[in-house]
Amino acid sequence: METTGSFEVLAHAKVNWMLRILGKRPDGFHELETIFQSISLHDRLRFHPREPLSLACDDATIPTDDSNLVMRAARAMIDRFGAPECRIELEKRIPAGGGLGGGSSDAAATLRALSPLCSAPPSHDDLSRVALELGSDVPFFLAEGTAYATGRGERLVALQSQAGVPLVLLLPDERVMTPEAYRLLRTRRDEGRLPEGEAVGLERCALAARESLLDDVTMLVNDLEAPVFEKLPRLAELLESLRATGPAWARMSGSGSTIVGAFRGRDERDRALEKLSDEVEAIAAETASRS
Ligand code: C5P
């Protein structure tokens, strides 16, 4: 990466192969177990160092003030590690509120981009700490690829890469705010309508990943699906439509609303995409490797 002049970085989206919500913690967050997977869909950020700090975005619905995680990430790098101020342009392609981690990925891309420009460069642990302050998913996006995660999502173990798997992403208009998805699950568990989540364990995940996670799809479940589907039944219908096209695996991603399906081959994926496009905005993507 150039250390003078303008430069750009890509911020990839993620899906969750699996998401188990294990229980509420004293700090209000939930203990979770997940397998993150970065995918080819990405935002693009352009940095113009040594200009006053500002953010512009080609999507007018995205706030560009201090509430944006990119601005918060840049401020943290400037204040704590002596990064230069910079003008930032964000080309947004990852839909917000879709469970694809777009805002978190943009924030991690900002941390990665500014890190080499700092007068007091942060260590990897420093960066991970700042990342977690910005959001539970942000530490994953510092490295991307395929990773098993516990805690809030910050205790990460890289798994064998699952890159190159053809995907279909269904992007319904419905949007799910993450805190609400957790609240819906909590209520149903407290009422005894849904069971508490059980961990799968690193060993089984790492073993399956050695060949392909698609060989052990019974463990690839998402605990947030049931409560979110109860509130937004159309998402359950879309998952059924996707399943009817014969993917190797299909689930809601993260807290939704994106529904993702993985296919054994591109031709099968393309045929599914064509069928589903009448019903909902559907796009093709592939799983990606570490950045
Ligand atoms: O950390 P992040 O900003 O992504 O979290 C958004 C919200 O999702 C939290 O405020 C919390 O309600 C919920 N959450 C949780 N446990 C996690 C991650 C997120 O309860 N491990």
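Treat the numbers as computed from the prediction; the structure is a model and nothing was measured. Atoms within a ligand are numbered from 1 in the order they appear, just like the ligands themselves. In this chain, numbering begins with 1 at the start of the sequence shown.
Salt bridge D190/R186: present, at least one basic N to carboxylate O contact under 4.0 Å. Salt-bridge annotation for E31 and R152: absent, with no side-chain N of the basic residue lying under 4.0 Å from a carboxylate O of the acidic one. Here R93 does not pair with D59 in a salt bridge; the nearest charged N to carboxylate O distance is not below 4.0 Å.
Taking the six-membered ring for Trp and thresholds of 30 and 60 degrees, F7 and F47 have nearly parallel ring planes, at less than 30 degrees apart.
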Report all N/O contacts between ligand 1 and the protein shorter than 3.5 Å as a table of atom names and distances to 0.1 Å; if there are none, say 'none'.
| unit_1 | atom_1 | unit_2 | atom_2 | d |
| --- | --- | --- | --- | --- |
| ligand 1 | 1 (O) | S136 | N | 2.8 |
| ligand 1 | 1 (O) | S136 | OG | 2.6 |
| ligand 1 | 16 (N) | H30 | N | 2.7 |
| ligand 1 | 20 (O) | H30 | N | 3.3 |
| ligand 1 | 20 (O) | H30 | ND1 | 2.8 |
| ligand 1 | 21 (N) | H30 | O | 2.8 |

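Checking R188, R193, R189 one by one against E191, the side-chain hydrogen bond (donor to acceptor under 3.5 Å, both in side chains) holds for a single residue, R193. For the pairing with L55, the side-chain contact (heavy atoms from CB on, under 4.5 Å) check across E89, M71, R87 returns one residue only, M71.
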